[in-house]
Peer 1: 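Shown below is the structure under consideration.
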Amino acid sequence: MLTGARPFRSVLYIPGSKERALEKAKDLPADAIIFDLEDAVAADEKPAARALLAQVLAEADYGPRARIVRINGLDSDWGRDDVATFAKAIAAGAKVDAILIPKVSTPADLDAVAALIPDVPLWAMMETALGMLNAASIAAHPRLAGMVMGTNDLAKELGSRFRADRLAMQAGLGLCLLAARAYGLTIVDGVYNAFKDEAGLLAECEQGRDMGFDGKTLIHPAQLEIANIAFAPSEAEIDLARRQIAAFDEAEARGLGVAVVDGRIVENLHIVTARQTLAKAEAIAALNAS
Ligand SMILES: CC(C)(COP(=O)(O)OP(=O)(O)OC[C@H]1O[C@@H](n2cnc3c(N)ncnc32)[C@H](O)[C@@H]1OP(=O)(O)O)[C@@H](O)C(=O)NCCC(=O)NCCSC(=O)C[C@H](O)C(=O)O
Ligand SMILES: [Mg+2]
């Protein structure tokens, strides 16, 4: 099961057809892996990739990394076989933490997969214009545990152009983030396509972190470290959280409801955030130690 405390700073896509990359990922510092059967796999390779992935997830040890399988849509030639294969594999003991459904536009898209594959949490690719408009009702689905932004498909639907500030993406990113937070879901930002551009990736990670995303989806191992750092609490944030908690405890002991730290007020609600920061730092430390 995927729990709320689990870090999702770095979520690496691996094409289900690439045996070498599937092997390499066992040692990569990714918080989660999306084993992809959809857009990263060519049509004529899909049946072989599905069989390979089912076998790999039945046998391989990916340690603490969350294992998420992205299936093809049920409206494609491959989606139903993907679902049937993984329903069987999971029942037989394959370790799959979630099934990721592409191009979710309505809650009915989730119902259709939920009816075919019991027990495993579902995640939704949020990447259609209709999906953005229905984000709240999608997030409310009882089987949904996470959302992944599909900014490439969204840009395609919108007809928008890439800009470093992601102006065209802001409405969709914001709607999905609101929906995910309203229903207590994990939500991970979209990919940065220029995988050799470290400065561009860092800027996009920081924007996503500032907005409130839990992490970023990635396409290449070289992107992992940047996302892991950007989405982890910094030393300064951890230090501030500790000082806020200490100052507020002291204020409360004196019968006050407000403390001041670094010239800013600290109230009960800031302590909730401070405790979340420390909990996230501890979860990351535990992950690194495992
Ligand atoms: C982008 C790539 C095609 C680049 O591949 P390549 O040229 O082979 O890279 P390198 O030679 O630099 O690779 C170095 C080593 O790293 C391994 N590798 C590469 N990529 C991965 C990976 N994703 N996971 C694990 N390991 C990886 C190589 O095997 C090399 O290993 P070694 O032999 O030991 O040196 C390629 O990175 C790639 O295919 N990336 C994934 C692309 C993908 O998954 N795309 C689909 C998801 S994005 C999407 O669909 C988003 C969404 O839906 C939307 O709409 O936005
Ligand atoms: Mg997509």
Side-chain angles (χ1 to χ4, degrees), residues 8 10-43 45-46 49-50 52-53 56-57 60-63 65-76 78-79 82 98-105 109 123-132 135 138 146-163 166 168-170 172-173 176 187-198 200-201 204-205 208 213 215-228:
F8 281 95
S10 50
V11 180
L12 179 66
Y13 282 101
I14 304 184
S17 52
K18 287 198 178 171
E19 216 164 340
R20 169 79 199 128
L22 291 169
E23 183 61 30
K24 191 178 175 79
K26 292 175 189 166
D27 297 318
L28 291 174
D31 288 349
I33 298 169
I34 295 175
F35 298 96
D36 193 19
L37 293 173
E38 200 218 15
D39 283 349
V41 179
E45 290 187 337
K46 284 187 191 272
R50 179 194 305 129
L52 173 65
L53 200 50
V56 165
L57 290 174
D61 182 3
Y62 284 94
R65 298 160 193 82
R67 289 150 298 210
I68 301 167
V69 174
R70 183 165 78 169
I71 58 170
N72 291 283
L74 290 187
D75 56 353
S76 73
W78 312 281
D82 291 347
I99 296 289
L100 176 60
I101 306 165
K103 301 176 181 67
V104 174
S105 290
D109 295 337
W123 280 39
M125 286 300 305
M126 300 301 291
E127 53 186 351
T128 67
L130 191 54
M132 301 301 114
I138 291 167
M147 287 180 157
V148 177
M149 298 308 306
T151 42
N152 281 306
D153 271 302
L154 187 57
K156 183 182 125 203
E157 280 213 3
L158 297 179
S160 58
R161 289 197 294 212
F162 173 81
R163 281 174 48 140
R166 295 199 291 176
M169 295 293 116
Q170 289 305 312
L173 293 173
C176 293
I187 180 160
V188 186
D189 200 354
V191 295
Y192 188 71
N193 294 342
F195 61 93
K196 294 184 178 163
D197 172 8
E198 293 186 357
L201 173 65
E204 215 171 88
C205 284
F213 284 95
K216 194 154 179 73
T217 43
L218 308 169
I219 52 172
H220 192 277
Q223 297 182 311
L224 288 164
E225 195 183 347
I226 289 172
N228 281 340

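Order of listing sets the numbers, starting from 1, for every ligand and every atom in it. Residue numbers run from 1 in the order of the sequence given. Treat the numbers as computed from the prediction; the structure is a model and nothing was measured.
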Peer 1: Closest approach of S160 and M169, non-hydrogen atoms and distance?
Peer 2: OG-CE, 3.7 Å
Peer 1: I want to check something: taking the side chain as every heavy atom from C-beta on, are D31 and S10 in contact at a cut-off of under 4.5 Å?
Peer 2: yes
Peer 1: Counting non-hydrogen protein atoms only, what is the nearest one to atom 33 (O) of ligand 1? Give residue, atom name and distance.
Peer 2: R20 NE, 3.1 Å
Peer 1: Can you check side-chain contact (heavy atoms from CB on, under 4.5 Å) on Y192 and I226, steps first, answer last?
Peer 2: CA-CA 12 Å; Y192 188 71; I226 289 172; over 6 Å; no
Peer 1: Considering only non-hydrogen protein atoms, determine which one is nearest to atom 3 (C) of ligand 1 and report residue, atom name and distance to 0.1 Å.
Peer 2: K18 NZ, 3.9 Å
Peer 1: Does ligand 1 come near enough to N152 that some N or O of the ligand is less than 3.5 Å from an N or O of the residue?
Peer 2: yes
Peer 1: Heavy-atom contacts with M125 under 4.0 Å: which atoms of ligand 1 show up? List them by number with element.
Peer 2: 52 (C), 53 (O)
Peer 1: Just one of I34, L100, L57 clears the side chain to side chain contact (heavy atoms under 4.5 Å, CB included) bar with V69, so which one?
Peer 2: L57
Peer 1: Consider ligand 1: state whether an atom of it lies below 4.0 angstrom from any non-hydrogen atom of P221.
Peer 2: yes
Peer 1: May I ask whether atom 55 (O) of ligand 1 is less than 4.0 Å from at least one protein heavy atom?
Peer 2: yes
Peer 1: Look at atom 45 (N) of ligand 1 and say which protein heavy atom is nearest, naming residue and atom and giving the distance to 0.1 Å.
Peer 2: A40 CB, 3.7 Å
Peer 1: Would you confirm whether any non-hydrogen atom of the protein falls under 4.0 Å from atom 8 (O) of ligand 1?
Peer 2: no
Peer 1: Which bit of A25 is near ligand 1, meaning a heavy atom under 4.0 Å away: side chain, backbone, both or neither?
Peer 2: neither
Peer 1: So do I101 and L74 actually touch side chain to side chain, heavy atoms under 4.5 Å?
Peer 2: no
Peer 1: What closest approach, in Å, do I219 and Q223 show between heavy atoms, and which atom pair accounts for it?
Peer 2: N-OE1, 2.8 Å
Peer 1: Tell me whether the count of non-hydrogen atoms from other residues, nucleotides or ligands lying under 6.0 Å of NZ in K156 goes above 12.
Peer 2: no
Peer 1: Between F35 and Y62, what is the ring plane arrangement, given parallel below 30°, perpendicular above 60°, and tilted in between?
Peer 2: perpendicular
Peer 1: Which residue holds the protein heavy atom closest to atom 31 (O) of ligand 1, what is that atom called, and what is the gap in Å?
Peer 2: K24 CD, 3.3 Å
Peer 1: Do the non-hydrogen side-chain atoms of K103 and M125 ever get within less than 4.5 Å of each other?
Peer 2: no
Peer 1: Considering only non-hydrogen protein atoms, determine which one is nearest to atom 11 (O) of ligand 1 and report residue, atom name and distance to 0.1 Å.
Peer 2: H220 NE2, 4.9 Å
Peer 1: Nearest protein heavy atom to atom 53 (O) of ligand 1, by residue and atom, and its distance?
Peer 2: R70 NH1, 2.8 Å
Peer 1: Evaluate the side-chain proximity of Y13 to D39: yes if any heavy-atom separation is below 4.5 Å, no if none is.
Peer 2: no
Peer 1: By residue and atom, what protein N/O/S atoms are less than 2.8 Å from the Mg ion (ligand 2)?
Peer 2: E127 OE1, D153 OD2
Peer 1: To check your reading of the model: name the closest protein heavy atom to atom 51 (C) of ligand 1, its residue, and the distance in Å.
Peer 2: Y13 OH, 3.8 Å
Peer 1: To the nearest 0.5 Å, what is the distance between CG (L201) and CG (L224)?
Peer 2: 9.5 Å
Peer 1: Under 4.0 Å from atom 29 (O) of ligand 1, can you find at least one protein heavy atom?
Peer 2: yes
Peer 1: Does only the side chain of E38 get under 4.0 Å from ligand 1, or the backbone, or both, or neither? Count heavy atoms.
Peer 2: neither
Peer 1: Between ligand 1 and G190, can you find any atom pair, the residue atom being a heavy atom, that is separated by under 4.0 Å?
Peer 2: no
Peer 1: Which heavy atom of N72 sits nearest a heavy atom of E38, and at what distance?
Peer 2: OD1-CA, 3.3 Å
Peer 1: Could an N or O of ligand 1 be found under 3.5 Å from any N or O of I219, whether backbone or side chain?
Peer 2: yes
Peer 1: Please find the pair of heavy atoms, one from T217 and one from D189, that lie closest to each other, and give the distance.
Peer 2: OG1-O, 2.6 Å
Peer 1: Looking at CZ of R70 and CG of L53, how far apart are the two atoms once the value is rounded to the nearest 0.5 Å?
Peer 2: 12.5 Å
Peer 1: To check you understand the geometry: which heavy-atom pair defines the closest contact between S105 and T128, and what is its length?
Peer 2: OG-OG1, 2.8 Å
Peer 1: What part of T217 sits under 4.0 Å from ligand 1 if we count only heavy atoms: the side chain, the backbone, both or neither?
Peer 2: neither
Peer 1: Atom 4 (C) of ligand 1: which protein heavy atom is closest, and how many Å away?
Peer 2: F195 CZ, 3.9 Å
Peer 1: Taking 4.0 Å as the limit for heavy-atom contacts, which would you say applies to I34 with ligand 1: side chain only, backbone only, both, or neither?
Peer 2: neither
Peer 1: Which pair of non-hydrogen atoms, one from C205 and one from A227, has the smallest distance, and what is that distance?
Peer 2: SG-CA, 4.0 Å
